[in-house]
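Structure record follows, encoded as structure tokens.
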Amino acid sequence: MKENLPLLAGAFSVMALSNAIVPVLPSFSTGAAAQGAIYSAYFLGAFLLVLPAGYVSDRIGEVPLIRAGLVLTTLSGVLLALAGSPLLVFLARLVEGIGAGLFVPASLAFLNARPDHDRMSGYFMGLLNLGLILGLLVTGWLVTGSPGSSRGGIIFFTWLSVVPLVLAFATGRGQEMSHRVPAEPAQETKKRLVWAFRTYFWLWVSAVVLVGITGAVTALYPEFTDLPASSVSGKIALMNAATIASVIVTSRANLPPVRTIQLAAVAMAGGVALTFSSMWGFLVIGWLAGMVMISQLSFLAAAGARQGVLMGLFNTASYGGMAAVPFIAGFVAETGGFPAAYTLTALLALLVAATVGRCACRLPTAGPG
């Protein structure tokens with residue numbers, strides 16, 4: 001169990017630090033464009049690294065990437081606490097995203113290769129979402145208690161990130177955190193990456209769409225409702241809370257992965273429609289997103305002993321969905337109105353329900369080599 005502690009503590013601290021800047025973005029730069037760039041820099045860094053990190057973890061093992069990701073996370077927190085210009089803040093956020101891009105796929109590859117992968121992935125995803133929630137809330141509380149300290153949350157979570165960093169270097173001196181699969185030639189890893197992309201194409205589409213839908217409803221809701229920011233953030237936090245509960249329950253339920261994704265996609269279309277008229281839609285979507293993520297990870301755990309490239313593709317699809325689907329939904333809302341945007345988002349969920357069972361996604365098949 002001790003080899004899992006750096007991963008679980010890291011999932012919480014990496015995500016908490018990534019969200020600690022969100023409530024105080026105006027104090028780092030003026031103008032929506034600059035603030036948007038600072039916010040997006042994290043996701044850019046993560047998106048660029050998750051697939052290479054998955055590939056490299058299959059080549060050299062997960063542990064070096066886990067440690068490097070935690071080092072960069074702590075370093076980025078220090079840089080954010082000290083940065084004096086918007087450009088430096090942008091670069092610090094980019095470093096932070098790179099750290100997450102190394103840490104998350106390598107950690108999931110390590111956990112998903114274990115016999116108890118369902119349970120451990122549930123804990124990992126639950127703590128990841130808890131970090132997102134508390135990164136927002138704790139920063140807000142600290143700023144409220146000390147209005148002049150806009151970097152209080154960043155400093156707090158930077159110190160907290162030292163805990164998994166120390167654990168990662170203290171654990172695994174022997175074989176506890178070593179890579180358990182023999183090395184393979186680089187050409188074989190590349191061949192397996194191409195094979196996995198083609199074989200499980202519709203599974204990657206499900207990750208793009210269904211994870212992206214959570215970002216789409218989050219992005220649409222503030223403008224659609226015109227509610228105060230405090231009210232909006234509280235309602236959106238319900239989605240993360242529901243996801244936490246869902247990943248813990250689903251990880252212990254032993255559900256058939258592809259069938260669960262299909263049914264959850266149909267239900268998510270209904271959840272999108274519900275958010276159009278009620279805040280309870282966020283609870284529905286959050287719960288279903290948790291079911292989908294655990295089912296996707298469970299399916300991939302059965303696809304082979306080497307999980308690096310699979311987790312790289314999984315995280316690339318997830319981050320890509322968070323970038324693409326909200327953008328598309330926002331564009332449709334701007335040009336065709338909110339009913340059209342919500343309708344398109346619901347139809348995308350139904351597309352997943354219709355396609356995820358195709359081809360090799362019905363059952364895992366052995367990869368090349």
Side-chain angles (χ1 to χ4, degrees), residues 4-25 27-28 38-43 45-46 50 66-83 89 92-108 121-146 149-168 214-215 218 233-234 236-245 247-248 286 289-290 293 315 318-319 322:
N4 298 325
L5 291 178
L7 282 60
L8 299 178
F12 174 84
S13 64
V14 168
M15 293 302 122
L17 183 58
S18 76
N19 254 12
I21 197 173
V22 174
V24 292
L25 269 173
S27 67
F28 286 89
I38 289 171
Y39 177 78
S40 299
Y42 169 84
F43 295 98
V50 286
I66 291 169
R67 289 173 172 168
L70 292 172
V71 168
L72 289 177
T73 294
T74 301
L75 175 62
S76 70
V78 173
L79 293 175
L80 285 169
L82 299 176
V89 174
R93 285 281 288 176
L94 190 65
V95 171
E96 186 179 24
I98 290 171
L102 294 173
F103 173 81
V104 174
S107 297
L108 283 172
S121 295
Y123 289 148
F124 185 90
M125 300 303 289
L127 285 165
L128 184 150
N129 279 276
L130 182 61
L132 291 173
I133 294 174
L134 291 184
L136 291 171
L137 296 180
V138 171
T139 298
W141 293 334
L142 290 173
V143 172
T144 301
S146 179
S149 179
S150 60
R151 306 191 190 209
I154 291 171
I155 294 170
F156 175 80
F157 287 113
T158 299
W159 277 109
L160 198 62
S161 72
V162 174
V163 174
L165 177 61
V166 171
L167 288 173
T214 65
T218 299
S233 61
I236 292 174
L238 288 174
M239 185 164 62
N240 293 103
T243 301
I244 293 170
V247 294
I248 299 300
M293 287 186 286
N315 282 280
S318 299
Y319 277 110
M322 287 295 286

Worked verdict on M322 versus T214 for side chain to side chain contact (heavy atoms under 4.5 Å, CB included): CA-CA 8 Å; M322 287 295 286; T214 65; 3.8 Å; yes
Roughly how far, to the nearest 0.5 Å, is CZ of F12 from OG of S161? 11.5 Å
Rounded to the nearest 0.5 Å, what's the gap from CG on L108 to CE on M293? Could you check? 10.5 Å
Are side-chain heavy atoms of L82 and R151 found at a separation under 4.5 Å? no
When you measure from the side chain of R93 to the backbone N and O of S76, does any donor-acceptor pair fall under 3.5 Å? no
For the CG atom of N129 and the CE atom of M15, what is their distance to the nearest 0.5 Å? 9.5 Å
Where the side chain of T243 meets the backbone of G286, is there a donor-acceptor pair that is under 3.5 Å apart? yes
Of all heavy-atom pairs linking L79 and A92, the shortest is CB-CB, 3.7 Å
Name all residues meeting the side chain to side chain donor-acceptor pair (under 3.5 Å) criterion together with S121; count only those two or more places apart in sequence or in a different chain, and write none if there are none. N112
List the residues meeting side-chain contact (heavy atoms from CB on, under 4.5 Å) with S107, not counting sequence neighbours, and say none if there are none. L7, I66, F103, F124
If I compare all heavy atoms of T158 with all of V78, which pair ends up nearest, and what's the gap? CG2-N, 3.8 Å
Heavy-atom side-chain contact between I154 and F28 under 4.5 Å: yes
Do V14 and L70 have side chains that approach each other closer than 4.5 Å (heavy atoms only, starting at C-beta)? yes
Atom pair CG/CG of L160 and L165 - distance to nearest 0.5 Å: 12.0 Å
Is any side-chain heavy atom of Y123 less than 4.5 Å from a side-chain heavy atom of I248? yes
With rounding to the nearest 0.5 angstrom, report the CG to OG distance, L127 to S13. 10.0 Å
Which atom of F157 lies closest to which atom of G135, heavy atoms considered: CE1-CA, 3.8 Å
Contact check, side chains of V247 and L128, non-hydrogen atoms, under 4.5 Å: no
Between N19 (side chain only) and L132 (backbone N and O only), is there a donor and an acceptor less than 3.5 Å apart? yes
So CG of L8 and CE of M125: to nearest 0.5 Å the spacing works out to 12.5 Å
Looking at I133 and A241, what are the two nearest heavy atoms and their distance? CD1-N, 3.6 Å
For the student: nearest non-hydrogen atoms of A100 and P105, plus distance: O-CD, 3.9 Å
Contact check, side chains of L142 and I155, non-hydrogen atoms, under 4.5 Å: no
